[in-house]
Each structure stands twice: as C-alpha cells, then as structure tokens.
Amino acid sequence: MPEGKTYCSVCSRLRRGILYNIAVEEGCNKIALGHHSDDIVTTFLLNLFYVGMLKTMPPVLRSTDGRNTVIRPLAYCTEADIAEYARETQFPIIPCDLCGSQANLKRARISRLISDLEQEIPHIRACMLTALGNTLPSHLLDHKIFDFKKLGAATGNVATELDLAVGHTDEDLKQTLVSLVQFGEQVAL
C-alpha cells in the first residue's frame, strides 16, 4: 500500500476471498457476517460520496460467481443496540489494532457526518435504512433504464425526443424539460 493509505480495501478483499474459498471447501451454503444497520448506511454514503454509486451491503447477497451466499443477520440492528446487548451478556471484546485505528479513514469521517446530522435529524439512520429499501429506480438517473445523455441525439431535436420519452405533448412540461436538458448539457460540458 502507498504511504499514508489505509489497508481497508486490501484487507477486505483478502478476507472475503479467504472466507469464500473456505466456505466452499467446507461445504457451507451460507456465510454469516456481523454487519449492522450503521455499517450499511455508512457504506451507502461512502459509495455515494467517493465512488459515485448507489450501493451498499444487502442483508442477503449471492456472490458474483454464484458459489456463496452472504447473510447479514444483524442488518436491521443498530450498533448501539448490539453494544448494549454485548455489555449485558458480558461478551468478551476482541481488540483489533488494524480496523478503525488507522489515520485518514473515510469510514470514520462518514460516521462522524451521520452523528453530526443526527443532532438535527434524530431518526436519520433509520430513515436512511428505510430509504435503501424504498428505491424508485425510474426516478433516478440510471442510464440502463433510460439514456438521458442521448436524449435528442437520434433526431437532433430534443423536443421530439422528449415527446417520445414522456409520451405526451404538454407544451409547458415539454419546455421545462427542454430547459432542464439544455442546462444539463451545459453543466456536462
């Protein structure tokens, strides 16, 4: 790793590869991980802010190669509730000197951001977790659903393409959409 960079991505990939391979060798049909709702929300924001993707860790995930199924039974539990339960049951805490102890961790920064926002919006964590289960892909800019960037490219006439895309010719709506598309084209340049 370059000087000053965190080990998180390398550690995560190596650990996941080992878990996946051992699970297959041992004939396991599930891999249970301890990610909780705070991890899921934080990962979502990390992907949103640093990767440019709307993506996080789902409660059930089939690996890309189809060999493994990952489950996260604590996906809807908060870190605070898990910590309280661990205290009550006197679970031993196993310290780790690598995760969370490195400087420059983006995950720690995002966690602080969520905590800061929680001062203004008390239920923000629960709201974000709920939102991750209430997506409306048709209301996002997913080019796999509709290629907005090519709007108007086929005929050279944005208004005609909008008529086809929107399915009507309401002049006011069409003008608003044309203005938005033209604004978007200017911003993209």
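What's counted below: heavy atoms across the whole structure, side chains too, no hydrogens, waters or symmetry copies.
Here CD1 of Ile71 is found 9.5 Å from CD1 of Ile31. Values are rounded to the nearest 0.5 Å. Atoms CD and CD1, on Glu84 and Ile82 in that order, are 12.0 Å from each other to the nearest 0.5 Å.
Between the Asp39 side chain and the His36 main chain, a donor and an acceptor come within less than 3.5 Å of each other. Remark: side-chain polar atoms of His123 are not paired, donor with acceptor, to backbone N or O of Ala126 under 3.5 angstrom. Panel note: side chain Asp38, backbone Thr78; no donor-acceptor pair is recorded below 3.5 Å.
For Arg62, the salt bridge (Lys or Arg N to Asp or Glu O under 4.0 Å) criterion is met by no residue, not counting sequence neighbours.
Sorted by first and then second residue, the salt bridge (charged side-chain N to carboxylate O under 4.0 Å, His left out) pairs with a member in residues 23-35 form an empty list; sequence neighbours excluded. Listed by first then second residue, pairs satisfying ring-ring contact (aromatic ring centres under 6.0 Å, His included) with a partner in residues 45-91 read Tyr85-Phe91, not counting sequence neighbours.
For CG of Leu141, the number of neighbouring non-hydrogen atoms (other residues, nucleotides, ligands) closer than 6.0 Å is 12 at most.
Two residues are said to be in side-chain contact when any heavy atoms from C-beta on lie closer than 4.5 Å; Met128 and Leu45 meet this criterion. A 4.5 Å side-chain heavy-atom check between Val24 and Asn68 finds at least one atom pair inside the cut-off. Under the 4.5 Å side-chain criterion, counting only non-hydrogen atoms from C-beta, Ser115 is in contact with Arg125.
With 3.5 Å as the limit, one finds a donor-acceptor pair spanning the side chains of Thr43 and Arg107.
Here the closest non-hydrogen pair linking Thr56 and Ile40 is OG1-O, 2.5 Å. Taking both residues in full, the closest heavy atoms of Leu129 and Ser37 are given as CD2-CB, 3.6 Å, listed atom of the first, atom of the second, then distance.
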